[in-house]
Amino acid sequence: MPETQHPIFSSYQKDNRFYDEIFDQEGNVKEMYKTLFDLYSGHSVQDFAKLNDKAKASFFNQGITFQVYGEQEIKEKIFPFDLFPRIIAPEEWEHIERGVLQRSKALNLFLWDLYHDKKIIKQGIVPLDLISSSVNFLDQMNGIDPPGGIYNHISGTDLIKHSDGNYYVLEDNIRCPSGVSYVICNRTALKRALFGVFNHYQAHTVTDYGENLLQILESVKPNGVDEPNCVVITPGVYNSAYYEHSYLAKSMGVELVEGRDIFVEHDFVYMKTISGPQKVDVIYRRIDDLFLDPLEFKPDSSLGVPGLFSAYKKGNVCLVNAPGTGVADDKAIYTYMPEIIKYYLDEEPILNNVHTYHCSRPDELKYVLENIDKLVIKPVDEAGGYGISIGNKLTKEEIEKVKVTIQAHPRKYIAQPIMSLSVHATYIEETNSFEPRHVDLRTFTLLGKDKEFVLKGGLTRVALQRGNLIVNSSQGGGSKDTWVLK
Amino acid sequence: MLARVANNLFWMGRYIERAEHIARYLNVNYFSSLDAPNEQSQSRQLVLRSMLCMADDTVPENVELNEEEVLYDIALNTDKSFSIINCVKIARENANSARDLISTELYESINKFYHYVLNYDVDYFKNKGLYDFTVNVTEFTAILRGKIRGTLLHDKVYAIIMLGINIERSTQIVRIIHAKFLDAKKAKGNGEQFKQSSEWTTLLKCVESYDMNRRHYRQPPTKLTTLEFLILNPFCPRSVMNSINQVANHINTLSTDKYPAKDSAAYLIGKTQAEYKFKSIESIEGEVADFIEEMLDCLWLMAQKIEKEYFNY
């Protein structure tokens, strides 16, 4: 490291195997971070530890927590927040924004096609068995025209920056992507703790998400409705993302309902208010497809609303995101994204895909089984970082176990080369110093009828354990405020 | 507003208020008994039983009470449904499920309150924390009332919370009157001494009304002035009359009927308000015990009717 290294960063061990967001190959601070670096260097390690404690207490007092389900108990935890923000340059963001919008639009057209003419399958671009074997494909959605023609109103796209300095999409989340509330909370927390730093940078606001989301919801109102009544439906207070559900409802000024607050009569949806039933037109649902309506899907679901799907089919209510979107964010479908984009938009993909091996293909399965130590193995239909195996972290016995699991259900798994997620300077409590940690970026894209919006920011998730590549909160990950510069 | 959420807000208000009254009752009774003017009032068993009876309806007679156990049970024992810690937990749970409707500031204060109580050191409480804990609980509730008043729109959400707070307040005031009435009897028996008992001062302090009472009557509290003040005085913010006036005011935000139906909550509340307005303490004085029971029944019925009409989801 150069001699000019400041004390607060003095134990920062740069590792040239990874793309460092702050330091260049020679260990010099990159131009964009110089002012920030100097400002942070003005704090002693002790000061910083205090600021960090205050930020944590602030999250805890505000009840910005999530619940982790252990074997015996549910724990309320703070989503760890790092006070050193990530900065994204305007031109870099412009590329990301165009790229995630392109993917969201292509996925929407893909979903329309899958549930209508299935041209992309008939033309052999996406194999039929990939769709027919997907547990997330809903036969009930065949032929249904969702209001406004939109399926994936809200998309969360996970990106990483590889050692080559380019962004790659790791996955598209178009069921119920979560995390946007933390984007806003992180900004608030950073402002409270270190407001001075904002004077030196022109960052885009992230607080306009709620108003844009409401406009998107209102844009897909059912036909014949002038002023739609929009609600957010949550599984309830014990859901790990309940804070986010309540935040979204509050930021839009709409009701947060549970299944038991809603009923369907003559294919119209009503909520039970203190003044009697009130019609509901648009539901931003944070309940998984199969729990939405016990009459149509899981009969034992107590989270959903009997008759809801029938009301949806009749066009009397709009569900956001549409049921059945999960088929398109399946990690096996992900590998076809370049073809999907080309097919529907006649464009080249703006953002890179990570090369993916399908275990359902015999030759690729063979490669995967022979090279597990060089690959990340992912179940195609799991979220939250669950079920992921990182080859170079496994013992021989574990590799053998993974092999058996994959061979038992090859369709259920894909494999990707171990990508070198970029690293960012992150405050580590245990060592009371800044250390490089791997980060990714989740962006949030909204699609409505004649309206689109990408939140200028996003959730930078950090894997807090040294060398760890899994950034999900349920796996001990934290997050950073993310500044998109004007 | 969703009926379920309205129910949660109503109970959030009730449990915040309940926690406050139990905490103050614990504080005032315990500390005033330490140098009470007569042996009976200083009796540990009398004080402990009084505190336990106020919080819990099911205290067995003729059982020797253990001081440490009683204080712990009322304050921090999560196995006791009446404990302060459980009141705060339930208040926070109710706030959680109405989180989108209440202000960020109010939620944050409830959450801080919850963490304060949850993390209170039990050993410290048992040895020397009684004053600190109970005073802080009452201060947290005062902050919450301020946040409720100052950070929420004064609309239906506010009205529902205030209905909960005021119904609980009047219920707790009546329960406290009841408990202290029995204490005064035990301490002094009947006659003049009973009427002048120090328990009336304690009673007023238990509901933060001693200074107001002195200012109003300009004489030491007696049975008559204390009961009149706490039941019928509309200007005392802790009186039953004042709470009922507020309940009547807030029910009108929910019910727009000019002539409410005879079986409605608004009707019962209006009728009770009118009855109390024209009641004199002399008409109650001879039959306080019966009147206390009547008041509790009436408040219970009000809550039942509100729940049936507005929260029946």
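Just so it is clear: chains get the letters A, B, ... in the order the sequence lines come, proteins before strands, and each one is counted from 1. All values derive from a computational prediction rather than experimental measurement.
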Can you tell which of [options] has the highest number of heavy-atom pairs within less than 4.5 Å of chain A?
options                            : value
B/Glu93, B/Arg99, B/Lys156         : B/Arg99
B/Ala6, B/Ser97, B/Ser109          : B/Ser97
B/Asn111, B/Asn96, B/Leu2          : B/Leu2
B/Arg4, B/Met1, B/Glu108, B/Glu105 : B/Arg4

* Asked: Between the main-chain N or O of B/Ile102 and the side-chain N or O of A/Lys250, is there a donor-acceptor pair closer than 3.5 Å?
  ->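 At least one qualifying donor-acceptor pair exists.
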* Asked: Would you find a donor on one side and an acceptor on the other, under 3.5 Å apart, between the side chain of B/Asp100 and the backbone of A/Leu256?
  -> yes
* Heavy-atom contact with chain A under 4.5 Å, split by part of B/Ile110 ->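 B/Ile110 has no heavy atom closer than 4.5 Å to chain A.
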* Contact origin within B/Ser103 toward chain A - heavy atom pairs under 4.5 Å ->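 For B/Ser103, the backbone is the part near chain A, not the side chain.
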Distance check, rounded to the nearest 0.5 Å: [X] atom [atom1] versus [Y] atom [atom2]?
X        : Y        : atom1 : atom2 : value
A/Ile274 : B/Asn7   : CD1   : CG    : 11.5 Å
A/Glu255 : B/Leu101 : CD    : CG    : 5.0 Å
B/Thr104 : A/Ile64  : OG1   : CD1   : 9.0 Å
A/Tyr243 : B/Tyr107 : OH    : OH    : 9.5 Å

* **A/Val232 portion near chain B, given a 4.5 angstrom heavy-atom threshold** =>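 The answer is neither part of A/Val232.
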* Structural part of A/Phe263 lying under 4.5 Å from a heavy atom of chain B -> neither
* In this structure, are over 12 heavy atoms from other groups packed under 6.0 Å from B/Lys277 atom NZ? -> no
* Asked: Just wondering, more than 12 heavy atoms not from A/Phe198 lying within 6.0 Å of its CZ?
  -> yes
* Which one, A/Arg260, A/Met252, A/Met271, leads in non-hydrogen pairs under 4.5 Å with chain B? ->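 Maximum pair count with chain B is reached by A/Arg260.
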* Do you know which of A/His245, A/Gln278, A/Glu258 has the most heavy-atom pairs under 4.5 Å to chain B? ->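 Ranked by heavy-atom pairs under 4.5 Å with chain B, first place is A/Glu258.
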* To do: With the side chain counted from C-beta on, respond yes when B/Lys112 and A/Asn61 share a heavy-atom pair under 4.5 Å apart, and no when they do not.
  =>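 They are in side-chain contact.
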